[in-house]
Each structure stands twice: as structure tokens, then as C-alpha cells.
Amino acid sequence: MTDSARADILADMNTLTLRDPRVVIVLVLSAVLIGIASATSPLLAFAGLVAVVALVVAWVDPVVYVVALIALAPLFDVGVVSLGPVDVQFMEMAWFLAFGMIVLRALLARPVGLSKVPLWAIALPAAIVLWEAATALTSVVPTRSVIEAGQTGYLALVMIVTAAAVGSLDARGRIRLALTSAWSFLGLFAVSMFWHYGLKQAFPRVVIDSAGVNIAGGLIKVQAAGAADITLERFGLVNIGPVASAVVFIVVLVFSLAALLDKRAARYRLLSLAVVAASGFGLLLTYSRAGWLVGAGVIWLLSVKAGPRRMLLLTLLLVALVGAASLHPAVSARLQEFTDLSEGSFAVHVRMWVTAIWMTTARPLTGWGPGAFKEIAPGLGIGTEYWPWMANQDTHNWVLQASSESGVVGAAILVSLVLGLLAATLRTAVRRPGLLAFSPWVAAVSVVLMNLTLNTFRTEITWVTLGILLATLMWKDAGDPAPSEAGDA
């Protein structure tokens with residue numbers, strides 16, 4: 001193919017829009033193929049329809065597509081494609097599509113619409129990935145470590161692309177992001193409540209492997225709590241479980257409460273109140289002790305910028321809500337376990353942490369390899385005096401996981417990234433007017449604190465939140481009035 005012919009093709013591709021006849025033809029053909037697929041598998045047809053819509057949106061407007069992924073972040077475990085030792089989640093494929101379209105548009109010299117991310121925010125994640133790739137060479141589980149290093153690179157890209165997309169939004173664009181996320185959350189919350197309390201079933205998970213398409217139905221998490229062994233039925237958002245759901249509820253609660261109290265969002269007060277109520281109620285029903293503690297703490301932290309009067313009112317309201325909730329027998333039983341050091345969950349956490357510390361001291365420089373903890377920790381027999389067994393899972397502490405798997409160097413780079421993000425954005429969060437400008441910082445703090453006892457650090461929820469925080473450095477018009485103040489209807 002000659003250079004002129006190639007240039008003509010690229011020029012044609014660069015002019016594609018939704019109104020272009022070629023695009024219409026492709027959509028019609030896709031509709032026909034999806035219709036044929038529906039005759040054999042409705043699920044396959046639905047997946048094809050979603051794929052076509054995602055492909056079109058990702059090509060036409062990558063920023064809008066990324067905004068949609070942010071709003072749908074709680075669906076990170078809704079389905080998975082199993083390829084031997086590698087499991088690729090549907091949400092990962094959706095993000096890979098975003099990465100691919102951004103690169104393709106850049107190669108075609110077509111505007112992408114993303115903001116420039118600070119170099120240090122790219123260099124530190126790159127250093128983490130490179131170090132993990134190096135430690136995979138000395139790993140005790142090399143195959144798993146290579147996969148986990150790749151996963152780290154994926155999560156770093158999620159943060160960077162989120163920051164670049166959200167950082168490019170003006171005041172109206174950020175309002176649209178907030179509204180999209182709010183309605184998406186309310187929809188997911190309603191579906192989850194119906195599934196849990198209406199159908200009495202855990203939300204299913206789609207698994208595609210060599211055997212075909214399977215709908216994996218989970219079990220609702222039930223456990224006994226307190227001296228009276230009261231049975232708790234723990235609620236979770238879609239199928240991510242009560243623990244990960246607690247993180248989502250806290251992040252949503254922070255943003256929605258900030259919108260409720262910020263005069264810049266006065267016109268959305270009713271919607272903000274609905275999201276506050278849903279996220280607060282959902283957090284209560286997870287029966288997550290860490291979630292309750294961190295949730296109360298970050299709400300108080302949010303009130304610091306609200307002024308002395310509102311801070312006092314929020315503090316009193318928070319105390320009143322805690323007191324009222326503690327009157328319920330199930331909540332009271334769970335609160336009793338704060339002081340029960342022999343309680344199973346606390347004991348197994350201690351054993352995981354002790355094992356991670358031992359692994360760090362045994363191989364302090366390179367660690368045991370990314371992803372090694374869940375593979376070998378239960379068989380090491382460390383800390384059995386705290387608890388006799390330990391399931392194959394991560395450390396429930398992001399710092400100890402990094403140190404045990406990537407050594408003190410890997411942990412130091414990761415901690416530097418997180419603390420660097422919080423430090424670099426603190427001045428911006430404090431100086432810009434309103435609670436809405438402060439909420440991304442508080443939300444990031446909540447995620448970091450929650451992951452000192454939970455396993456959600458290596459999920460999109462954490463890295464999308466960090467990406468939104470990073471984006472606050474790139475907002476050029478953060479002090480501009482929202483439409484409600486500017487008189488824009």
C-alpha cells in the first residue's frame with residue numbers, strides 16, 4: 001500500500017461520526033448479527049449489544065466512555081472470562097477497550113480530550129510495575145507473579161486514565177459525572193436490595209470458560225455475632241460482597257454528603273439526600289466494623305471544612321445515629337466484637353498480619369513475589385497460636401501485602417505514591433471553596449484506611465478513587481460557580 005493510499009484511509013477514519021453512513025451500516029449489521037445470536041443465547045446477544053455500544057461510545061468520545069466506567073465501577077466482579085491461569089473480568093475488558101481507543105485515536109492524530117497527567121504520577125506507578133516485574137524473577141510462584149505484575153500495570157493505567165478524563169472536565173462536565181454516578185449507584189442499590197431481600201439470593205456472577213457460559217450463584221453471607229450469637233445476614237452491593245461494598249458505600253457517602261451540604265449543589269439536594277440515605281443504610285447492613293469506624297471518622301473529617309457550626313451539628317447527628325443504631329440487637333452484637341480479641345475475624349486478621357511480617361523479614365529486599373501471599377501463606381504455619389486455619393486470601397492490609405510480596409522497596413514505592421497523592425492534593429482540597437472540592441481527598445483517605453483491614457486495594461474502586469483525587473490538580477476552573485449559582489438552568 002502506498003503512503004498516499006494509507007493517508008487517504010486514515011483521513012476517512014478520522015472523519016467518522018455517528019451520522020456517517022458507514023457507521024450506520026456497521027450498526028445495522030451488528031443488530032442483525034445480535035438478532036441471530038439471540039436465537040441461540042439471549043445472554044450472548046445482550047453481551048454483543050453491550051460490546052457494540054461500548055465500542056461506538058469509546059471511539060466517538062473516550063472521555064464520556066471513561067465517565068461511564070467510573071459510574072459502573074462497583075460492577076468490577078459481575079463476570080469473568082477464564083483463560084487457563086488468567087481470569088479477565090468484564091470490567092477489565094471494558095477498561096482495555098478504553099486504553100485501546102485512546103491509543104488508536106492518538107495514532108490517528110484524532111483529538112482524545114484528555115488532560116495531561118503530572119509526570120510524577122506516571123513515574124511512580126511505572127516504578128512499581130517495573131519493580132514487581134523484577135521481583136517476579138525471584139518469586140516462589142513465578143507465573144502468578146508475572147500475572148500480578150501485569151494486574152498492577154492495569155490498575156495504574158485505570159488511575160492515570162481516570163485522572164486524565166476527569167481532569168479534562170469543566171464544571172458542567174463534573175456535574176454530569178456526579179449525576180451519572182449518583183443515578184447509577186441508586187440503580188445498583190435497588191437491584192441489590194431486590195435480589196438480597198426480595199429473591200433471597202446472592203447476586204449471580206457470569207463465568208465464561210472452556211465449558212461455556214455459566215451463571216454462578218453465590219451465597220448470602222451469614223454469621224453469628226456477639227455473646228448471644230445473633231445471626232447476621234450481611235448485605236452486599238451486587239456481587240462484590242459486604243466487605244468491598246462497605247468501601248463503595250463510604251466513598252459514595254462522602255461525595256453525596258458533601259453535595260448535600262455544599263450550596264453549589266443546592267439544586268440537587270433531593271437527589272443527594274436519597275444517595276446519602278441509601279449509602280448510609282447500605283453501610284449499616286454490611287455489618288462491617290471497619291466500615292462503621294472509618295465511615296464515622298471520614299464523615300467527621302468532612303465536617304472539619306464545613307465550619308464550626310456545621311461541624312458541631314454533624315458531630316451531634318453522628319453521635320445520635322450511632323446511639324440509635326446501637327439499640328438494634330444485631331448492631332449491638334456486632335459492636336460487642338470490637339472488644340472481643342478472640343473473635344474469629346480479628347484472630348485470622350492477626351495471623352495474616354503476623355505471617356506477612358514474617359515473610360517480609362525473611363525476604364526483605366525482593367519479597368516472595370507478587371501474588372505469593374495467598375499461594376503460600378496458609379501453608380507456612382506462622383501465627384497458628386492466633387488462629388488454627390487461614391484461607392487462601394490476601395493480607396487484608398495493603399502495606400503488609402506490598403512488603404511481603406515485593407519487599408520493603410516495593411512497599412516504599414507504593415506508600416510514596418499514595419502519600420504523595422494525598423500530600424500533593426491536600427492544599428488544593430483545603431483552599432478551594434466548598435465541601436465538593438474537599439470530598440475527593442476525604443474519599444481517598446477513606447479508601448486508604450479501609451484497606452488497612454480489607455482486600456479491596458487491588459480493585460478498580462480504589463484506583464478510580466485515587467484517579468479522581470489526582471484529577472483535582474488538573475481542574476482549571478475548580479472555583480467557578482456551578483449552574484445553580486450562575487443562574488444557568
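All residue numbers in this chain count up from 1 along the given sequence.
For Arg205 (side chain) and Gly79 (main-chain N/O), no donor-acceptor pair under 3.5 Å exists by modelled atom type. Side chain of Trp292 to backbone of Leu283: a donor-acceptor contact under 3.5 angstrom is found. A donor-acceptor contact shorter than 3.5 Å is absent between the side chain of Ser184 and the backbone of Ser181.
Counting all heavy atoms, side chain and backbone alike, Ser439 lies closest to Ala258 at CB-CB, 3.6 Å. The heavy-atom pair separating Ser115 from Met474 by the smallest distance is CB-SD, 3.9 Å. Taking all atoms of both residues into account, the shortest heavy-atom contact from Met91 to Phe76 is CB-CA, 3.8 Å. Annotation for Val238 and Pro74: closest pair CG2-O, 3.6 Å, computed over non-hydrogen atoms. Of all the heavy atoms in Thr395 and Leu400, the pair that sits closest is OG1-C, 4.2 Å. What you find for Ala424 and Trp120 is that their closest heavy atoms are CB-CZ2, 3.8 Å.
The structure places OG1 of Thr152 at 11.0 Å from CG of Leu157, a figure rounded to the nearest 0.5 Å. Remark: Leu414 CG to Ser406 OG distance equals 8.5 Å, nearest 0.5 Å. Atom NZ of Lys374 sits about 8.5 Å away from atom CG of Asn392, to the nearest 0.5 Å. Atom OG of residue Ser272 and atom CG of residue Leu436 lie 8.0 Å apart, to the nearest 0.5 angstrom.
The aromatic rings of Trp463 and Phe457 stand perpendicular to each other, their planes meeting at an angle above 60°, with 30° marking the opposite boundary. Under the 30°/60° scheme for interplanar angles, the aromatic rings of His396 and His349 are found to stand perpendicular. Using bins of under 30°, 30° to 60° and over 60° for the plane-to-plane angle, the ring pair Trp95/Phe99 lands in the tilted bin.
With Tyr154 as the partner, the side chain to side chain donor-acceptor pair (under 3.5 Å) test is satisfied by one option alone out of Glu460, Arg458, Glu92: Glu460.
Trp441 places a side-chain heavy atom less than 4.5 Å from the side chain of Leu301. Residues Leu261 and Arg310 meet the side-chain proximity criterion, which asks for heavy atoms closer than 4.5 Å.
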